[in-house]
Amino acid sequence: MNSKHILSAFDEDLESIQARISKMGGLVELAILDSIKSLTTRDVELAETVRANDKLVDELEAQILEDTAMVIALRAPTAVDLRVVLTVMKAAGNLERIGDYAKNIAKRTTVLAELVALEEASRGMNRMAREVQLMLKDVLDALVQRDAQLAADIIARDKDVDQMYNSLFREFLTFMMEDPRNISTCMHLHFIAKNIERMGDHVTAIAEEVIYLVTGERLDDPRSKGDITSVDPDLSDLG
Amino acid sequence: MNDMRFVETRVTTNEAKFTAKDVQVYYGDNHAIKDVSIDIEDKTVTAFIGPSGCGKSTFLRCLNRMNDTIDICRVEGDILLDGEDIYDKKVDPVQLRARVGMVFQKPNPFPKSIYDNVAYGPRIHGMARTRADLDEIVEKSLRRAALWDEAKDRLNAPGTGLSGGQQQRLCIARAVATEPEVLLMDEPCSALDPIATSQVEELIADLRTRFSVVIVTHSMQQAARVSQKTAFFHLGDLVEYGDTGHIFTNPEDPRTESYITGRIG
Ligand SMILES: Nc1ncnc2c1ncn2[C@@H]1O[C@H](COP(=O)(O)OP(=O)(O)O)[C@@H](O)[C@H]1O
Ligand SMILES: [Mg+2]
């Protein structure tokens, strides 16, 4: 089903909204990397850039929503074409949220630059952000290449991100108990870790859409979002 | 995936009104319908779609034996209406066509008054004993066809004097006047403007609360809007048949997908 439409303008429309989502995805990938870099290098200027660039991401989302509404109204897409449009619409929303989280991280950087450094935790955070950014890169590839297998792998990889978050959470608790002067920093870092973990959930949501796009079927057992990620690890065993 | 519309509008019964088994149709040497088997459900709108010449009209005409009127046409296989073979020698095609009505692409009112157009079927089938009975049938049929308000003051005017959309609704009124169990429609809106098309579509939605409607249409959007079941024909084969919501979001066969998405197959 890769053959062209008889009406070539329809192909152009679909290609252009897919090009936009790729561009938006690229900007968001960069936002993830830069936000975490600004955090670990205490680069307030870079943090400022991340916040400014988020406006571009929002604009792209608005454009994509406008484009998809137009395609639905004018071309009445069906079957795989309809699924492309729906997937792009939902992915745009997920990317916008990821961009927001990056912006939020950048905002905290400005505050954290004034506080004590926690090298070890920063490294963990870096790894986690890097993994989410790679997942995002892969999910954008899966979308363009219609690769359901790659999308399924990404969903599996999100479990690793959840685990990284859980161990960071424990680390922060330990730091806070060791020295109450760490509390303020750790609270901020915890919010950041949580933001990155949520980014992973949004990447996973896009991966689920890609599977729908390719197969036409929704996953039978969509990963229940509540199980690991929305409940923070149990405090009792840290006694 | 099921029909995606609201549950309240679903009347689909899953009971087969028509059952066709291994149907072949030939025009001389031209094998126009190849081994088609299909169950058409009661109280359901079924859309037949497919490229021109794929056999939609031919198959539709099998359902009320309109093909009998074409000399070179030969129909094989079984077509059962409520379990009874409509090609059985005992079946009177005229009676059959009262049970299985038909509306054509071009509105074809008789050159008679609006009243007589609608009264025609009930008269020949002896459905009305008195003039009052007949008046009632005519009014009810025109109301069902959403034409009463426009026609009630000019019942004696010629049907051919109505607008295209009104003429088509008159033909529908004529078809429903005999209380059919199934209504066959062959591209009923292709000569109508968008308003008249919407009126006919609204009518179809209303009619199927009482009986089955089978509609041939070249408009994918019309098929999507009015039907609960869609059958895709290609070169005389029934390629795919299923819930309309499913066919339009996730068809199984690449030929169906190519056709409904407007790609070169
Ligand atoms: N009255 C007829 N006499 C001879 N051949 C016919 C007749 N009607 C249709 N055919 C042939 O049967 C095939 C299917 O036609 P038809 O049922 O009209 O297709 P559709 O309605 O899908 O456009 C075509 O090859 C057409 O030429
Ligand atoms: Mg035809």
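Keep in mind that what you see is a predicted model, and the values were worked out from it rather than measured. In what follows, every chain begins at residue 1, and chains take the letters A, B, ... in the order their sequences are listed.
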Open item on the list: Taking ring pair (Phe, Tyr, Trp, His ring centres under 6.0 Å) as the cut-off, I'd like each qualifying pair that reaches into residues 48-106 of chain A, sequence neighbours left out, listed once.
Closed with: A:Y101-A:H202
- [ ] Flag yes if more than 12 heavy atoms outside A:K23 fall under 6.0 Å of its NZ atom; otherwise flag no.
- [x] no
Task: Reported CD1-to-OH distance for the pair A:I6 and B:Y259, which is rounded to 0.5 angstrom - done: 9.0 Å
Task: Atom CZ of A:R127: over 12 foreign heavy atoms under 6.0 Å - done: no
- [ ] Any chance you could measure A:R83, atom CZ, to B:T249, atom OG1, to the nearest 0.5 Å?
- [x] 7.0 Å
Task: For chain B, which residues of residues 52-79 of chain A have heavy atoms nearer than 4.5 angstrom - done: A:A76, A:T78, A:A79
Open item on the list: How long is the straight-line distance from CG of A:L7 back to OG1 of B:T261, given to the nearest 0.5 Å?
Closed with: 11.5 Å
